[in-house]
Amino acid sequence: GTAQPSGGWLVFSCERATLAEAPRGWMLRASGRFAHTREYVVAQARAAGYLPAEYAEIVPRMESGVAVLGHLFVFERVADGPPRATRDEL
């Protein structure tokens, strides 16, 4: 495959986990869905050449009438080379 060009965007949501419940940065919930910590997602995106642009805590869905907590991430692809630091790493 080809890499996303500089200036491309990556936008997605995922279920939210805390560092206390997911010390590796991710976990498999009883529902069979994965949840990730904010720090893990940002670190993985940066390693792939994306800089954090926007972030929000969201409720992406309900499960049995209970809100499932999640993240909404927006990353921007940067030119080749290590990503530069950003404002507070979101």
Side-chain angles (χ1 to χ4, degrees):
T2 59
Q4 175 77 29
S6 178
W9 294 90
L10 175 62
V11 180
F12 65 94
S13 65
C14 63
E15 290 190 15
R16 189 178 346 148
T18 65
L19 284 171
E21 63 187 347
R24 293 180 293 184
W26 58 272
M27 64 179 290
L28 181 60
R29 296 204 180 277
S31 66
R33 294 176 181 262
F34 284 92
H36 299 81
T37 65
R38 180 179 176 176
E39 296 82 0
Y40 178 82
V41 173
V42 169
Q44 296 304 307
R46 284 182 56 77
Y50 289 88
L51 288 177
E54 298 290 333
Y55 171 80
E57 292 184 350
I58 62 169
V59 175
R61 65 185 182 84
M62 302 291 285
E63 185 171 303
S64 301
V66 178
V68 174
L69 303 180
H71 309 281
L72 176 62
F73 293 99
V74 178
F75 294 99
E76 183 177 10
R77 178 77 173 166
V78 294
D80 292 337
R84 64 191 185 283
T86 62
R87 64 175 196 274
D88 300 326
E89 285 302 300
L90 291 179

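Computed from a prediction, not measured in an experiment: that's the story for all the values here.
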Going through the checks in order, is the side-chain contact (heavy atoms from CB on, under 4.5 Å) test met by V68 and M62?
CA-CA 6 Å; V68 174; M62 302 291 285; over 6 Å; no
So which atom in M27 and which in A17 form the shortest heavy-atom distance, rounded to 0.1 Å?
SD-CB, 4.1 Å
Nearest heavy-atom pair of L19 and T37: which atoms, and what distance?
N-CG2, 3.8 Å
R61 versus S31, closest heavy-atom pair with distance
NH2-OG, 4.3 Å
Treat each ILVMFWY residue as a node, draw an edge where side-chain heavy atoms are under 4.5 Å apart, and state whether L28 and Y40 are in one component.
yes
Which distance, rounded to the nearest 0.5 Å, do you find between the CG of L69 and the CD of E15?
9.0 Å
Is any side-chain heavy atom of V42 closer than 4.5 Å to a side-chain heavy atom of F73?
yes
Flag the pair E63 / R29 as yes when at least one side-chain heavy-atom distance between them is below 4.5 Å, and no otherwise.
no
Just by distance, do the side chain of H36 and the backbone of H71 share a donor-acceptor pair under 3.5 Å?
no
In this structure, would Y50 and F12 fall into the same cluster of hydrophobic residues linked by side-chain contacts under 4.5 Å?
yes
Assigning hydrophobic clusters by single linkage (Ile, Leu, Val, Met, Phe, Trp, Tyr; side-chain heavy-atom cutoff under 4.5 Å), is L10 placed with Y55?
yes
